[in-house]
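Here is the structure we will look at, set down as structure tokens.
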Amino acid sequence: MSHNKRLKTYSLTKAKHVKVHGRTTHTRTPLTLFWTGSGIELNIKGSELWIEIEADYQVYEPWISIVINGVPMSRLMVTAGRHWICLLRGLNPDTVKNVRIVKDVQPMSSDPRCLLQIHALKVDGELLPVPDKPLKVEFIGDSITSGEGTIGAKDETDWVPMLFTALRNYTAITAEALDADYRVFSQSGWGVLTGWDNNPDTNIPAYYEQVCGVLTGERNEALGAFSDHDFTSWQPDVVVVNLGTNDGGSLLFSCMDGPRKRESVQATLERGRHIQ
């Protein structure tokens, strides 16, 4: 591939007009993407765009979607390590392209190595302002809000990041219909008081005031995941709470006898739906 000599590299702190989506810290060196649907949005007048991205994980890798001018153009697994990814190349340099990089996978609460960060950009043109939309909506929920199983064939039942999506679920669809910016705060299997397995520690309200308190590990702590969230930084006009499904399931789980509980857990493990 021939090298584009017009490409210039910018850290996120130096790049102008980068719009950040999703609850995170104020740090942009690098920008840590914690939640489903988080990411960055750019208006670029140029023909080529790259991002420098870093990922880490123990079991469940992150996936991202690339949306150009409102249309999903590609979707890919981000392998462990720090590397450059080309988002667009060879397009008309005189037109403005709206580009969004969207994190498809929720924070994996049991994995202390869970990480997705954006370090820098390479562009061969200029970045223009990305205006805010007229409404802001926050979605709070469980697997339905995380987009679990809303992509892939209907008979796919494995609990894997490939089958999570931030775009083909009700949060993105609703936000698009309302012409709204949105944020997601969700964890698969969690509830209002307890998780699917009657675990009282997996309840959403206990972590709502933190940046991303559902995560674990020293690195995530150092990144500010457990710090108090600055609610003045982004104030929604509407908050949608879609919780309770796992609370109801946990009552059934708690009423099972020992053998049936073991069978239920074993079936869940076999489907890959249990996060250790």
Side-chain angles (χ1 to χ4, degrees), residues 12 20-40 51-64 76-83 85 101-119 140-143 145-149 158-166 183-191 194-230 246 250 265 268-276:
L12 282 195
V20 176
H21 293 284
R23 182 184 290 197
T24 186
T25 66
H26 293 292
T27 302
R28 300 291 181 266
T29 51
L31 170 69
T32 303
L33 304 180
F34 291 108
W35 294 98
T36 303
S38 60
I40 61 173
I51 60 167
E52 187 183 25
I53 200 163
E54 182 175 4
D56 195 14
Y57 50 89
Q58 185 171 358
V59 178
Y60 299 114
E61 77 282 349
W63 284 67
I64 60 172
L76 57 104
M77 177 181 72
V78 185
T79 56
R82 180 171 171 175
H83 40 267
I85 297 174
I101 299 96
V102 184
K103 184 176 186 282
D104 273 327
V105 181
Q106 67 177 20
M108 293 301 182
S109 58
S110 66
D111 188 353
R113 287 172 54 184
C114 178
L115 178 74
L116 184 63
Q117 295 178 317
I118 298 176
H119 287 266
I140 303 170
D142 48 36
S143 61
T145 305
S146 289
E148 178 188 336
D158 294 310
W159 203 94
V160 292
M162 180 186 292
L163 302 179
F164 279 75
T165 173
R183 290 185 174 185
V184 174
F185 190 104
S186 63
Q187 278 289 280
S188 179
W190 289 39
T194 183
W196 69 273
D197 57 352
N198 211 28
N199 180 355
D201 294 327
T202 54
N203 76 85
I204 290 292
Y207 302 93
Y208 181 68
E209 294 188 359
Q210 296 176 307
V211 172
C212 192
V214 302
L215 285 173
T216 56
E218 293 181 358
R219 178 169 61 187
N220 284 313
E221 181 178 11
L223 290 172
F226 312 146
S227 301
D228 291 340
H229 173 56
D230 178 10
N246 292 297
S250 71
V265 172
T268 301
L269 285 168
E270 289 174 357
R271 292 196 306 269
R273 298 176 62 87
H274 178 67
I275 304 178
Q276 299 177 349

- Taking only residues two or more places apart in sequence or in another chain, which ones pass side-chain contact (heavy atoms from CB on, under 4.5 Å) with Gln58? Asp111, Pro112, Arg113
- Message: Which residues pass the side-chain contact (heavy atoms from CB on, under 4.5 Å) test with Cys212, not counting sequence neighbours?
- Response: Phe34, Trp35, Pro107, Val214, Leu215, Ala225
Note, [X] side chain near [Y] side chain (heavy atom, < 4.5 Å):
{"X": "Arg23", "Y": "Phe185", "result": "yes"}
{"X": "Thr145", "Y": "Thr36", "result": "no"}
{"X": "Ile64", "Y": "Leu116", "result": "yes"}
{"X": "Leu33", "Y": "Ile118", "result": "yes"}
{"X": "Ile53", "Y": "His119", "result": "no"}
{"X": "Thr79", "Y": "Glu61", "result": "no"}
{"X": "Tyr208", "Y": "Ile140", "result": "yes"}
{"X": "Leu223", "Y": "Gln117", "result": "yes"}

- Task: Measure across Ser188 and Ser143 and return the closest heavy-atom pair with its distance rounded to 0.1 Å.
- Result: OG-CB, 3.3 Å
- Message: Under the rule for ring pair (Phe, Tyr, Trp, His ring centres under 6.0 Å), what residues qualify as partners of Tyr207, not counting sequence neighbours?
- Response: Trp190
- Message: For Val20 and Leu12: C-alpha separation, side-chain torsions, deciding distance, then whether side-chain contact (heavy atoms from CB on, under 4.5 Å) applies.
- Response: CA-CA 10 Å; Val20 176; Leu12 282 195; over 6 Å; no
- Message: If we ignore hydrogens and angles and just use 3.5 Å, is the side chain of Arg28 paired with the main-chain N or O of Thr25 as donor and acceptor?
- Response: yes
- Message: For Gln106 and Gln187: C-alpha separation, side-chain torsions, deciding distance, then whether side-chain contact (heavy atoms from CB on, under 4.5 Å) applies.
- Response: CA-CA 7 Å; Gln106 67 177 20; Gln187 278 289 280; 3.5 Å; yes
